Amino acid sequence: MQDVTFDDLESAAPAGAASAPGIDPALRPLLDEIEGYYDAVPRSAARVEDFGPLSLFVREGQGWPYYARPALGHTGPAATAEDVRRVLERQRELGVPEAFEWVAEHDPGLRAAVEEAGLTVHEHPLLVLGPDDEPEPPATAPGAGSSSEGVAVRIMTADDPDLASAVTVPHLAFGEPGTARGTVGPEELAAAAEKSAADGTVERIAGRITAGQTVLAAAVRDGVALCAGQHNPVGAVTEVAGVGTLPTARRQGLGLAVTAALVAHARANGVRTVFLSAADEDVARIYRRAGFRPFATALIAEAAAEPAPGA
């Protein structure tokens with residue numbers, strides 16, 4: 001999962017294994033579809049280490065580190081706290097974050113094992129646009145107000161001159177969280193975009209765009225990406241993630257406009273199911289305005305924060 005910040009919205013994303021007993025049978029096809037997606041997406045940039053009922057994805061090369069999740073299709077005994085501890089030991093050995101991600105409704109027993117192993121679990125609403133759901137267009141388009149005049153929302157190509165700006169802006173958004181207008185603006189973005197180009201991040205995303213693994217949309221004005229986000233299709237399923245608005249450009253509807261562009265692109269290219277996960281219920285309500293409907297609960301587990309000195 002990745003944190004996603006809209007103009008008045010933050011969001012994120014999860015993972016799982018074999019269908020759990022007791023769930024609504026009508027939900028199982030979508031749950032299984034999303035489970036397959038979560039297993040497939042990391043494989044383009046990570047190796048998989050087998051821990052029986054759990055899989056650990058270890059990134060190969062640069063980029064966002066991955067996580068552990070329930071092993072796809074596992075039919076043996078459910079994961080125990082000892083299984084979780086084995087994975088945690090391996091994550092510490094590798095120097096990667098101690099993190100697990102899964103869908104609660106798909107693997108309801110994993111939470112107890114994860115918490116017994118000492119991790120803290122965070123809940124995030126999982127929302128979906130299924131094959132029969134129609135997306136809602138944003139209430140206002142960029143340019144409708146004076147503060148957003150001249151903004152164009154477009155799908156970025158690998159050689160787009162504004163690609164570095166689009167790749168970088170979500171990171172600045174996550175660095176100044178919240179929904180109110182912030183202090184980080186175009187000057188900070190320009191400096192950060194230079195670093196993203198120098199360290200290979202932009203080249204890596206350009207490669208993923210060329211390979212069809214990532215679709216990046218951005219709201220651009222005067223060569224500056226004020227908001228950007230992506231979807232990462234695998235067959236007929238994709239996840240909207242990484243949507244972030246430059247803090248000084250918040251409250252202009254740019255996040256919803258970028259999300260609408262990503263959904264439109266996905267649907268136009270044969271994607272049946274588009275999903276995402278929201279930071280909380282307040283954020284989920286905004287996604288529902290874009291046509292997404294509540295579906296399940298994404299869980300992210302991580303090591304508890306160390307207490308501050310003297311606390």
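Source: prediction; values computed, not measured. Side-chain atoms are counted along with the backbone in the values below, which use heavy atoms only and exclude waters and symmetry mates.
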Find the distance between CG (Leu299) and CG (Leu119) and round it off to the nearest 0.5 Å. 12.0 Å

For Pro233 and Val215, work out which heavy atoms get closest and say how close. CD-CG2, 4.4 Å

Do you know the tightest heavy-atom contact between Val153 and Ala261? CG1-CB, 3.7 Å

Val184 vs Thr248 side-chain heavy atoms within contact, under 4.5 Å: no

To the nearest 0.5 Å, tell me how far Arg267 CZ sits from Thr238 OG1. 11.0 Å

Kindly determine whether Tyr38 and Phe275 satisfy ring-ring contact (aromatic ring centres under 6.0 Å, His included), including the steps that lead there. CA-CA 11 Å; Tyr38 276 129; Phe275 74 98; 5.4 Å; yes

Residues forming a salt bridge (charged side-chain N to carboxylate O under 4.0 Å, His left out) with Glu115, sequence neighbours excluded: Arg111

Tell me whether Leu226 shares a hydrophobic cluster with Val220, the cluster being built from Ile, Leu, Val, Met, Phe, Trp, Tyr side chains joined at under 4.5 Å. no

Using side-chain heavy atoms (C-beta onward) and a distance below 4.5 Å, is Cys227 in contact with Val151? no

Give the C-alpha distance, both sets of side-chain angles, the deciding distance and a yes or no for salt bridge (charged side-chain N to carboxylate O under 4.0 Å, His left out) between Asp162 and Arg221. CA-CA 10 Å; Asp162 302 320; Arg221 180 172 61 204; over 6 Å; no

Value rounded to 0.5 Å, distance of CD in Glu35 from CG in Leu30: 11.5 Å

One should read off an interatomic distance between Glu101 CD and His124 NE2, to the nearest 0.5 angstrom, of 8.5 Å

Non-hydrogen side-chain atoms of Glu98 and Glu302 separated by less than 4.5 Å: no

Salt bridge (charged side-chain N to carboxylate O under 4.0 Å, His left out) contacts touching residues 186-208 (sequence neighbours left out): none

Which residues pass the ring pair (Phe, Tyr, Trp, His ring centres under 6.0 Å) test with His171, not counting sequence neighbours? none

Side chains of Tyr67 and Pro42: does their closest heavy-atom pair fall under 4.5 Å? yes

Between Arg69 and Phe100, does the side chain to side chain contact (heavy atoms under 4.5 Å, CB included) criterion hold? Intermediate values first, please. CA-CA 6 Å; Arg69 62 178 298 276; Phe100 286 72; over 6 Å; no

Salt-bridge criterion met for Asp160 and Arg154 (N-O under 4.0 Å): yes

According to ring pair (Phe, Tyr, Trp, His ring centres under 6.0 Å), who are the partners of Phe295, at least two apart in sequence or on a separate chain? none

For residues 79-87, please give each side-chain donor-acceptor pair under 3.5 Å, one per line with the distance, not counting sequence neighbours.
{"unit_1": "Thr80", "atom_1": "OG1", "unit_2": "Glu82", "atom_2": "N", "d": "3.3"}
{"unit_1": "Thr80", "atom_1": "OG1", "unit_2": "Asp83", "atom_2": "N", "d": "3.2"}
{"unit_1": "Thr80", "atom_1": "OG1", "unit_2": "Asp83", "atom_2": "OD2", "d": "3.2"}
{"unit_1": "Asp83", "atom_1": "OD2", "unit_2": "Thr80", "atom_2": "N", "d": "2.9"}
{"unit_1": "Arg85", "atom_1": "NH2", "unit_2": "Glu116", "atom_2": "O", "d": "3.4"}

Tell me the closest heavy-atom pair linking Leu88 and Ala117, and the distance in Å. CD1-O, 4.1 Å

May I ask you to check whether Glu123 and Thr297 show a side-chain donor-acceptor distance below 3.5 Å? no

What closest approach, in Å, do Val240 and Val243 show between heavy atoms, and which atom pair accounts for it? CG1-CG2, 3.9 Å

For Val96, which residues count as a side-chain contact (heavy atoms from CB on, under 4.5 Å) partner, sequence neighbours excluded? Gln91, Leu94

Would you call Pro125 and Glu281 a side-chain contact if the rule is heavy atoms closer than 4.5 Å? yes

Return each pair, listed once, that meets salt bridge (charged side-chain N to carboxylate O under 4.0 Å, His left out) where at least one residue sits in residues 41-55; pairs must be two or more places apart or across chains. Asp39-Arg43, Arg47-Glu49, Arg47-Glu60, Glu49-Arg90

Closer than 3.5 angstrom, by distance alone: can the side chain of Arg272 be matched with the main-chain N or O of Ala236 as a donor-acceptor pair? no

Residues which pass side-chain contact (heavy atoms from CB on, under 4.5 Å) with Thr168, listed by chain and number, not counting sequence neighbours: Leu189, Ala192, Ala193, Ser196

Show me the pairs that pass ring-ring contact (aromatic ring centres under 6.0 Å, His included) and involve residues 206-234, at least two apart or across chains. His231-His265

Heavy atoms of Val128 and Asp133 approach each other most closely as O-OD2, 4.0 Å

Which residues pass the side chain to side chain donor-acceptor pair (under 3.5 Å) test with Arg59, not counting sequence neighbours? Tyr66

How long is the straight-line distance from CD of Gln230 back to CD of Gln213, given to the nearest 0.5 Å? 11.5 Å

Give, for atom CG of Asp32 and atom CG of Leu72, the distance between the pair rounded to the nearest 0.5 Å. 8.5 Å

Ala296 to Val103 - nearest heavy-atom pair and separation: CB-CG1, 3.9 Å

In the hydrophobic cluster built from side-chain contacts under 4.5 Å, what are the other members alongside Val202? Met156, Leu163, Val167, Ile205, Ile209, Leu216

So, the side chain of Ser277 versus the backbone of Leu126: is there a donor-acceptor pair under 3.5 Å, distance only? no

Hey, could you give me each pair passing salt bridge (charged side-chain N to carboxylate O under 4.0 Å, His left out) that has a residue in residues 225-235? Not counting sequence neighbours. none

Should Leu262 and Phe292 be counted in the same cluster of Ile, Leu, Val, Met, Phe, Trp and Tyr side chains packed under 4.5 Å apart? yes

